[in-house]
> 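Would you mind keeping the following structure in view while I ask a few things?
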Amino acid sequence: MEKTELATRFDPKDFEERLYDSWEKAGYFTPEADRERPSFSIVIPPPNVTGRLHIGHALVNTLQDILVRWKRMSGFNTLWVPGTDHAGIATQMVVERDLAARGIDRRELGREAFEQEIWKWKEEHGDQIVHQLKRLGVSCDWSRIRFTLDEGLSRAVRRVFVQLFQDDLIYRGLSIVNWCPRCETAISDVEVEYRETNGALYQIRYPSSDGSASLVVATTRPETMLGDTALAVHPDDDRYRHLIGRTARVPLAGREIPIVADPILVDREFGTGVVKVTPSHDKNDYDAGLRNDLPQLKVIDERGRMTAAVPEAFRGMERFEARTAVVRALEEGGSLVESKPYLHSVGHHEKCDTVVEPMVSTQWFVRIEPLAGPAIDAVRKGEIALIPQSWEATYFNWMENIHDWCISRQLWWGHRIPAWYCDACGHLHVAEDAPDGCDSCGSAELRQETDVLDTWFSSSLWPFSTMGWPEKTPDYETFYPTTALVTGWDILFFWVARMIMMGKRFTGQNPFEQVFLHGLVRDEKGQKMSKSKGNVIDPLEVADEFGADAVRFTLAIFAAGRDIPLARNRMQGYSAFATKLWNASRFAMMHVDTTIEDARPIVREDLRPVERWILSRLNSTTQQVNRSLSAFRFDDAANAIYQFFWHEFCDWYIEMAKPVLLERAGDKKTLAQARRVLLEVLDRSLRLLHPFMPFITEEIWLKLGGVEPSIMVASYPVAEEVLEDPGGERLVVMIQQIVTAVRNVRAERGYSPKDRFKLHLQVRDLRNARGIKGSEYLLIELARLDGLEINAGIPDNAHRDQIGGIEIGIELPKKEISAEESARFLKQIEQVEKEIEATRARLADEKFVSKAPAHIVDGARAREAELRQKLEKLRQNLTASPA
RNA sequence: GCGGGGUUAGCUCAGCGGUAGAGCAUCUGCCUUACACGCAGAGGGCCGGGGGUUCGAAUCCCUCACCCCGCACCA
């Protein structure tokens with residue numbers, strides 16, 4: 001391939017879209033269902049079809065893409081299945097709002113026409129998020145994109161529903177559920193978000209029926225008193241024991257209700273010790289009602305209004321208006337004892353923020369415990385790893401206290417429950433396909449259940465339904481179970497736990513081996529991002545500004561598992577890394593005359609120490625990156641590459657190579673080697689970095705002339721033992737330390753780099769001396785010396801320092817030490833003295849010497865000796881200064 | 001109440017048994033022909049308090065304080 005120049009200016013917009021198109025066209029995202037090669041598969045957490053890309057999507061998909069690109073380059077047959085979720089309530093809300101803007105109510109439209117409207121909306125807007133994902137460079141296999149309401153996935157949903165029903169794991173029954181009066185549907189426990197809310201605590205007096213006594217109860221929901229069917233006290237409470245079995249009268253309603261004893265419901269210490277019991281509108285009261293055989297009186301309807309069961313004055317009132325009206329009436333009737341402000345936790349529907357109304361209703365439930373058991377075991381036995389592992393405790397805690405799952409929703413958008421009622425004989429049919437007639441009485445008149453399933457029901461099948469289950473398709477055989485799952489911890493219960501339960505039950509296998517639960521993206525103060533706070537970072541906007549690569553790299557480098565405090569200037573910071581990469585590559589191309597493709601293999605034995613050193617460092621980095629990615633430590637992996645590329649390769653290696661590349665040192669052979677190594681390191685670095693920054697690495701790599709047609713199908717670097725070179729590393733560290741020491745003196749004592757001066761080295765350790773011989777030009781260049789001598793004496797007035805085993809002397813132009821400088825010397829001396837004393841004390845401790853491992857003790861001895869030499873040098877600097 | 005996490009440099013965090021780290025920010029020099037989105041140098045931390053284990057603790061254990069997050073309760 002022809003090597004071409006890189007533009008001086010660097011703008012991601014010049015190539016991001018072009019490269020993405022080329023990858024997609026080339027089919028790199030689409031694997032064959034080839035069972036011979038080891039596979040790596042992952043399914044996307046399907047974004048809502050109504051979704052617009054936010055920073056959380058950017059994070060989860062960047063992390064998945066890093067894994068997928070890494071595994072693909074590492075030789076795995078890699079599949080990443082994308083798709084979207086029909087998102088029952090969310091989507092219905094969006095389309096309802098759309099219709100409302102056109103003056104249409106869905107109820108006028110009717111169910112079928114409304115469903116048509118939603119499909120139309122989906123066709124027009126549903127792939128918006130898909131386009132936005134592509135902007136980030138994600139390498140999903142778009143040819144396999146799925147939608148939870150696809151025919152295939154719907155078939156899987158019906159199959160699962162029917163089997164669970166037949167196994168008695170789904171039942172239909174009357175129970176108290178969380179009801180959203182705005183959405184007019186039941187919702188599950190996990191969809192209720194509890195929030196501290198300012199309300200009031202009212203104390204209400206209930207007279208006993210015979211008028212001889214009265215009981216005061218406390219409540220935050222006075223309107224529900226109209227539905228009270230008992231008062232409850234603790235059986236052992238002496239204050240009230242004599243009243244048990246008698247009756248009281250409900251103020252306003254006038255009904256007579258029993259006074260019952262219930263030790264579970266009543267806490268004697270709390271409030272007055274008397275509880276009003278409203279079985280129809282409170283979970284605990286509902287349970288108490290069952291225990292005490294109390295009637296249920298429904299006083300609030302599905303739209304949140306008071307029913308006909310309440311006194312006429314309140315009938316039809318909205319529930320919060322009714323609360324005010326009831327309080328006023330109680331006050332007027334003298335039954336209100338007290339009302340005071342009260343902060344308490346109130347359940348809200350997480351989707352629409354409406355206060356949830358507990359309500360008795362007939363719904364469909366999944367009997368969850370038999371499913372939870374195996375799912376708990378899978379994690380406990382380590383078949384599935386939750387990462388970070390601390391989530392396992394949360395998972396167990398939840399799974400062990402799990403409640404039956406209410407799966408029916410009174411919505412129009414979703415998988416309609418495959419159940420049919422025969423009105424003639426009352427028989428219930430549950431089947432994958434509509435029955436022709438009633439099995440029991442033969443009636444042809446069957447009525448399908450109008451409820452749809454909770455969106456999460458279909459999501460729970462996602463890892464296998466997307467692979468074609470219940471058919472044993474080639475994809476299913478090849479890519480299921482999937483390898484890893486990446487998602488936010490906020491849907492651990494909604495989604496992850498349920499996938500494990502369903503996967504176990506229906507495929508007999510765990511749906512994945514590892515679950516990485518990433519943190520949630522927050523703003524720089526750690527607060528949730530929200531439009532109302534105005535602190536959102538729009539991933540598309542920042543991708544436009546800094547490039548998709550910078551956005552991805554920033555997200556990766558923060559993804560340690562904890563929540564991520566993100567700020568725009570972070571993105572800006574890491575976009576500088578992209579620029580650095582670009583410029584270093586430009587430099588390389590200016591000096592390298594071959595391409596990756598036709599470069600000759602490196603003969604390591606011929607290399608100078610610096611070349612062996614940089615290859616050795618790159619090798620360690622490679623090992624670190626692979627190891628970190630295996631452990632989902634995206635932060636460590638990204639940091640390792642950043643550190644290596646910028647601070648070792650650019651800051652040191654390129655500078656060390658310059659004298660040779662610019663032909664100020666070395667012969668033709670060293671020049672060829674330097675060029676070759678420069679190309680090699682750049683090539684490997686680009687491949688190493690590609691999963692994190694796919695666009696810029698491809699753009700540069702193609703211009704360097706890679707063997708493969710794209711970096712994304714090139715091989716991922718792996719560590720090779722032959723590249724390790726501890727000797728080379730030691731030598732270069734030594735050189736770096738000497739150079740730094742000289743630069744330090746120069747900067748601290750105000751000798752501009754233009755002033756050249758002499759450096760003398762006195763060598764104590766002969767091995768190091770021999771190493772430095774041959775590398776003198778590096779010291780001269782990097783420290784900007786005009787000469788140096790090895791093993792020469794150091795003049796009395798030179799500045800001295802001690803580095804490892806080497807003493808250096810820096811001969812300075814005559815210049816007095818200022819008061820400031822001598823103060824600094826004294827401070828250094830003091831620090832060294834302190835450290836010597838600490839080390840000496842340690843070595844004087846007989847227990848330390850006898851118990852600590854030998855290499856620690858030896859290290860301390862060496863350290864002390866070194867420090868003493870250093871101290872001597874520092875003192876000389878102070879006294880030998882030419883005053 | 002149950003469970004989890006946090007407290008390390010000005011900020012955001014990593015380190016989790018052997019001499020305190022990164023990025024950003026700060027200060028001081030430099031436009032040294034890849035890069036000023038840069039280079040070089042520097043300053044800055046009793047690693048939340050107390051106790052224990054250990055030759056040795058930011059790292060392990062206990063305890064206290066404060067902060068965050070789940071779940072449950074909240075008449």
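Sequence lines set the chain letters: A, B, ... in the order given, protein chains first and strands last, and positions in each chain run from 1.
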> In whole Å, what is the span from the CE atom of A:Met571 to the C1' atom of B:G23?
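For the pair A:Met571 CE and B:G23 C1', the rounded distance is 15 Å.
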
> Determine which nucleotide pairs with B:A9, using a 3.5 Å limit on both distances of a Watson-Crick or G-U wobble pair.
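None - no nucleotide pairs with B:A9, as no candidate has both distances under 3.5 Å.
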
> What interatomic distance, in whole Å, is found between C1' of B:C35 and the corresponding atom of B:A40?
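Going atom to atom, C1' in each nucleotide, I get 15 Å.
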
> Rounded to whole angstroms, how far apart are CG on A:Leu782 and P on B:C30?
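From A:Leu782 CG to B:C30 P: 21 Å.
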
> Is it true that A:Lys658 and A:Glu655 have a side-chain N and a carboxylate O under 4.0 angstrom from each other?
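Salt bridge between A:Lys658 and A:Glu655, a charged N being under 4.0 Å from a carboxylate O: yes.
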
> Name the closest nucleotide to the A:Ala584 side chain, picking from B:G18, B:A34, B:G3.
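Given the options B:G18, B:A34, B:G3, the side chain of A:Ala584 is closest to B:A34.
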
> Assess, by modelled atom type and distance only, whether the side chains of A:Asp549 and A:Tyr574 contain a donor and an acceptor separated by less than 3.5 Å.
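Their side chains do not contain a donor-acceptor pair, so the 3.5 Å distance test is not met.
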
> Among B:A72, B:U19, B:C13, find the nucleotide with the atom closest to the side chain of A:Arg863.
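For A:Arg863, the side-chain atoms sit closest to B:U19.
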
> Please determine, for B:C71, whether a Watson-Crick or G-U wobble partner exists with both distances under 3.5 Å, and give it or none.
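Because both required distances fall under 3.5 Å, B:C71 counts as paired with B:G1.
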
> Please check this pair: side chain of A:Asp683 against backbone of A:Leu679, looking for a donor-acceptor N/O pair closer than 3.5 Å.
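Answer holds: no.
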
> Do A:Tyr642 and A:Trp646 have ring centroids that are under 6.0 Å from one another?
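Yes, close enough.
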
> Provide the distance between the two C1' atoms, one in B:C24 and one in B:C16, to the nearest whole Å.
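Looking at atom C1' only, B:C24 and B:C16 are 24 Å apart.
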
> Using the C1' atom as the point on both nucleotides, what is the distance between B:U53 and B:G17, in whole Å?
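Taking atom C1' in both B:G17 and B:U53, they lie 12 Å apart.
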
> Could you give the NZ-to-P distance, from A:Lys834 to B:C46, as a whole number of Å?
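Atom-to-atom, A:Lys834 to B:C46, this comes out as 12 Å.
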
> Quick check on B:G44: is either OP1 or OP2 less than 4.0 Å from any side-chain nitrogen or oxygen of A:Lys827?
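Checking B:G44 against A:Lys827, a side-chain N or O does come within under 4.0 Å of OP1 or OP2.
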
> Using heavy atoms to find the nearest nucleotide of RNA chain B for A:Asp189 and A:Leu265 separately, return the residue whose nucleotide is more 5′.
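First, find each residue's nearest nucleotide; the 5'-ward one identifies A:Asp189.
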
> For the residue pair A:Arg617 and A:Phe644, would you count it as a cation-pi contact if the rule is NZ or CZ under 6.0 angstrom from the ring centre and within 45 degrees of the ring axis?
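No, A:Arg617 does not sit over the ring of A:Phe644.
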
> In whole angstrom, give me the gap between the P atoms of B:G44 and B:G50.
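Straight-line distance between the two P atoms is 23 Å.
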
> B:U63 and B:C2: how far apart are their P atoms, nearest whole angstrom?
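Pairwise P distance, B:U63 against B:C2, rounds to 13 Å.
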
> With the side chain of A:Ser345 defined as its heavy atoms from C-beta on, choose the nearest nucleotide among B:C37, B:C73, B:A34.
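Ranking B:C37, B:C73, B:A34 by closest atom to the A:Ser345 side chain puts B:C73 first.
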
> Please give the distance between the P atoms of B:C62 and B:C71 as a whole number of Å.
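Taking atom P in both B:C62 and B:C71, they lie 27 Å apart.
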
> Taking atom C1' in both B:A9 and B:G48, compute the distance separating them and give it to the nearest angstrom.
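Pairwise C1' distance, B:A9 against B:G48, rounds to 15 Å.
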
> Please report whether the ring centroid of A:Phe634 lies less than 6.0 Å from that of A:Phe516.
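Ring centres of A:Phe634 and A:Phe516 closer than 6.0 Å.
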
> Could you state the atom-to-atom distance from CZ of A:Arg522 to P of B:C67 in whole Å?
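So the CZ-P distance, A:Arg522 to B:C67, works out to 17 Å.
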
> Say we look at B:G5 and B:C73: how far apart would their P atoms be, to the nearest angstrom?
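After rounding to an integer number of Å, I get 23 Å for this pair.
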
> Tell me the interatomic distance from A:Ile641, atom CD1, to B:G23, atom P, rounded to whole angstroms.
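For the pair A:Ile641 CD1 and B:G23 P, the rounded distance is 16 Å.
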
> Write down the distance between CE (A:Met399) and C1' (B:G4), rounded to a whole number of angstrom.
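It works out to 18 Å between those atoms.
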
> Which is true for A:Tyr642 with a 4.0 Å heavy-atom rule: it touches a base, it touches only sugar-phosphate, or it touches nothing?
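It contacts sugar-phosphate atoms only.
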
> Scan every strand shown for a Watson-Crick or G-U wobble partner of B:G56, both distances under 3.5 Å, and answer none if you come up empty.
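Because no pair has both required distances under 3.5 Å, B:G56 counts as unpaired.
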
> Determine which nucleotide pairs with B:C30, using a 3.5 Å limit on both distances of a Watson-Crick or G-U wobble pair.
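With both distances under 3.5 Å, B:C30 matches B:G38.
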
> Rounded off to whole Å, could you give me the CZ-to-P distance for the A:Phe493 and B:G3 pair?
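It is 15 Å, rounded to the nearest whole Å.
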
> Can you tell me whether the side chain of A:Ser575 and the base of B:C37 have a donor-acceptor pair closer than 3.5 Å?
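Such a pair does not exist between side chain and base.
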
> Assuming nearest nucleotide by heavy-atom distance, tell me which of A:Arg743 and A:Ser585 is located more 5' along RNA chain B.
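Nearest-nucleotide comparison on RNA chain B picks A:Ser585.
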
> Starting from P on B:G15, measure out to CD on A:Gln643 and report it in whole angstrom.
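A:Gln643 atom CD is separated from B:G15 atom P by 16 Å.
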
